[in-house]
Engineer: 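Handing you a structure now.
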2 protein chains.
Amino acid sequence: MIPKSHPRYESLMMREKISEGVKKGLVHETGMIAHGRGEAFDYLLGEKTIPPADNAAVAAAAYLRKAKNAVISVNGNVAVLSARECIELAEAANAKIEVNLFHRTEGRVKKLVEFMENKGGSNILGMGADARIPGLEHDRGKCSAEGIYSADVVLVPLEDGDRCEALKKMGKKVITIDLNPLSRTARTADVTIVDNVVRAIPNIMDKMKEEHDWDEIMKNWDNKKCLQECMAHITRRLSSYEF
Amino acid sequence: MIPKSHPRYESLMMREKISEGVKKGLVHETGMIAHGRGEAFDYLLGEKTIPPADNAAVAAAAYLRKAKNAVISVNGNVAVLSARECIELAEAANAKIEVNLFHRTEGRVKKLVEFMENKGGSNILGMGADARIPGLEHDRGKCSAEGIYSADVVLVPLEDGDRCEALKKMGKKVITIDLNPLSRTARTADVTIVDNVVRAIPNIMDKMKEEHDWDEIMKNWDNKKCLQECMAHITRRLSSYEF
């Protein structure tokens with residue numbers, strides 16, 4: 001039991017959820033290593049949403065609002081950390097949810113679809129994947145024809161670099177959430193939110209409710225500049241550290 | 001199978017060893033999350049030994065050479081990543097090896113002692129711990145009377161902050177290897193090598209063979225300054241990144 005007063009309560013609770021997710025077969029074991037990497041980068045951000053990530057959330061909201069067929073791709077880590085938030089965002093954005101796994105097994109897809117349904121989701125896609133993302137080896141390319149395959153905008157939080165590139169090559173607009181601003185995924189996506197998924201998803205939802213000139217935001221969005229601002233923020237923060 | 005030509009071969013092999021270690025019951029599952037954090041920080045270092053970490057390895061060599069009863073504390077992650085290197089360093093430094101675990105179970109201690117023996121180690125301490133590190137709750141404080149308890153110098157790679165502080169309070173000289181220069185362990189130890197354990201341990205051994213004025217090195221060692229230099233190195237590196 002972690003007391004709520006613990007200074008790193010949120011972080012320790014997330015770790016607990018990932019660890020339990022592995023035990024329940026929802027999270028692939030390497031998802032724990034990925035989570036650890038995320039913890040380190042979140043630590044460098046100060047475990048809060050930094051201003052350039054907040055701007056990226058506005059851009060993500062713009063792409064979701066203007067999408068014709070938006071899909072939120074959910075893997076094990078995303079599900080155990082923020083199932084409810086994904087479901088709420090999907091409702092707000094009129095988007096579909098697809099369980100799509102890097103280390104795909106039909107058993108784990110089924111468990112995650114059920115998990116998302118138990119959290120209140122409906123029509124969760126992912127089972128019996130009937131289409132393929134070109135350029136990816138067999139299991140990693142599987143997806144749903146009415147989901148990711150035909151989507152114009154995909155939100156892929158915590159995505160692998162190869163898969164992010166393959167989605168881009170299909171002509172989709174790709175929004176990602178990645179705590180590492182240097183990752184290939186971060187550099188490949190159209191909109192990269194350098195933030196923890198548990199903060200970023202509710203934040204996108206908040207931004208969707210605001211009034212903005214969404215076309216203007218999309219027109220002016222410079223993802224590379226945003227990543228540079230994230231790096232500048234991190235290095236400024238580290239440079240000011242007092243030992 | 002990871003091809004040797006892969007640009008991140010070493011890193012992926014380490015991940016594989018940790019993952020296998022969990023399956024064999026040598027590594028606690030949260031060791032995977034800790035490893036992921038390490039991966040992220042190693043990535044920030046460029047996955048190589050930076051100059052201030054090289055200086056810290058010289059200081060570590062000095063303390064080990066001048067020790068009366070040096071002990072190398074080995075946990076699951078350290079064992080699966082660098083068992084042989086720890087055994088060789090212990091021989092070179094005339095140090096003992098003790099298996100000492102944060103998430104202690106007698107079964108895992110036994111497995112790790114056997115693992116170290118299979119790797120060529122002898123007289124590996126840790127079983128039937130008969131002493132306690134004051135100030136730590138029951139299982140976390142257990143240690144061996146002829147090992148950590150009575151040591152004047154302890155090398156604790158990948159150590160927890162509370163335990164590092166408790167060892168310092170016992171009056172020991174503490175050498176740690178920690179990829180995060182901001183961690184409590186890093187800031188508490190007498191000598192902090194901000195490097196990957198697989199590079200740092202052979203490096204200490206190399207330094208031990210060099211000729212140095214060891215007393216002078218110990219007298220002049222400034223760990224805080226070293227940590228500041230590590231941070232400066234990381235921030236310089238991040239600032240120069242081209243998107």
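Just so it is clear: chains get the letters A, B, ... in the order the sequence lines come, proteins before strands, and each one is counted from 1.
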Engineer: Residue by residue, scan residues 23-43 of chain B and write down, ordered by number, those that have a heavy-atom distance under 4.5 Å to chain A; if none do, write 'none'.
Structural biologist: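 Heavy-atom contacts from residues 23-43 of chain B to chain A are Lys23(B), Glu29(B), Thr30(B), Met32(B), Ile33(B), His35(B), Gly36(B), Arg37(B), Glu39(B), Ala40(B), Phe41(B), Tyr43(B).
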
Engineer: Please classify the contact of Leu182(A) with chain B as side chain, backbone, both or neither, using a heavy-atom distance under 4.5 Å.
Structural biologist: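 Its backbone and side chain both get close to chain B.
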
Engineer: Ignoring hydrogens and angles, write down the donor-acceptor pairs under 3.5 Å from the side chains of residues 45-59 of chain A, residues two or more places apart or on other chains.
Structural biologist:
from	atom 1	to	atom 2	distance (Å)
Glu47(A)	OE2	Arg8(A)	NH2	2.6
Thr49(A)	OG1	Asp195(A)	OD2	2.7
Asp54(A)	OD1	Asn203(A)	ND2	2.9
Asp54(A)	OD1	Lys207(A)	NZ	3.2
Asp54(A)	OD2	Lys207(A)	NZ	3.0

Engineer: State the NZ-OG1 distance between Lys224(A) and Thr192(A), to the nearest 0.5 angstrom.
Structural biologist: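 So the NZ of Lys224(A) and the OG1 of Thr192(A) are separated by 13.0 Å.
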
Engineer: Give, for atom CD1 of Ile217(A) and atom NE2 of His212(A), the distance between the pair rounded to the nearest 0.5 Å.
Structural biologist: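 Here the interatomic distance stands at 5.0 Å.
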
Engineer: Taking atom CD as the centre, does Glu10(B) end up with more than 12 heavy-atom neighbours from other residues, nucleotides or ligands that are less than 6.0 angstrom away?
Structural biologist: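 No - once you tally the heavy atoms of other residues, nucleotides and ligands closer than 6.0 Å, there are 12 at most.
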
Engineer: Who passes side-chain hydrogen bond (donor to acceptor under 3.5 Å, both in side chains) against Asp160(B), sequence neighbours left out?
Structural biologist: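 Result, side-chain hydrogen bond (donor to acceptor under 3.5 Å, both in side chains) vs Asp160(B): none returned.
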
Engineer: Can you pull the side chain to side chain donor-acceptor pair (under 3.5 Å) pairs that have at least one residue in residues 233-243 of chain B, sequence neighbours excluded?
Structural biologist: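 Side chain to side chain donor-acceptor pair (under 3.5 Å) check on residues 233-243 of chain B returns Arg187(A)-Tyr241(B).
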
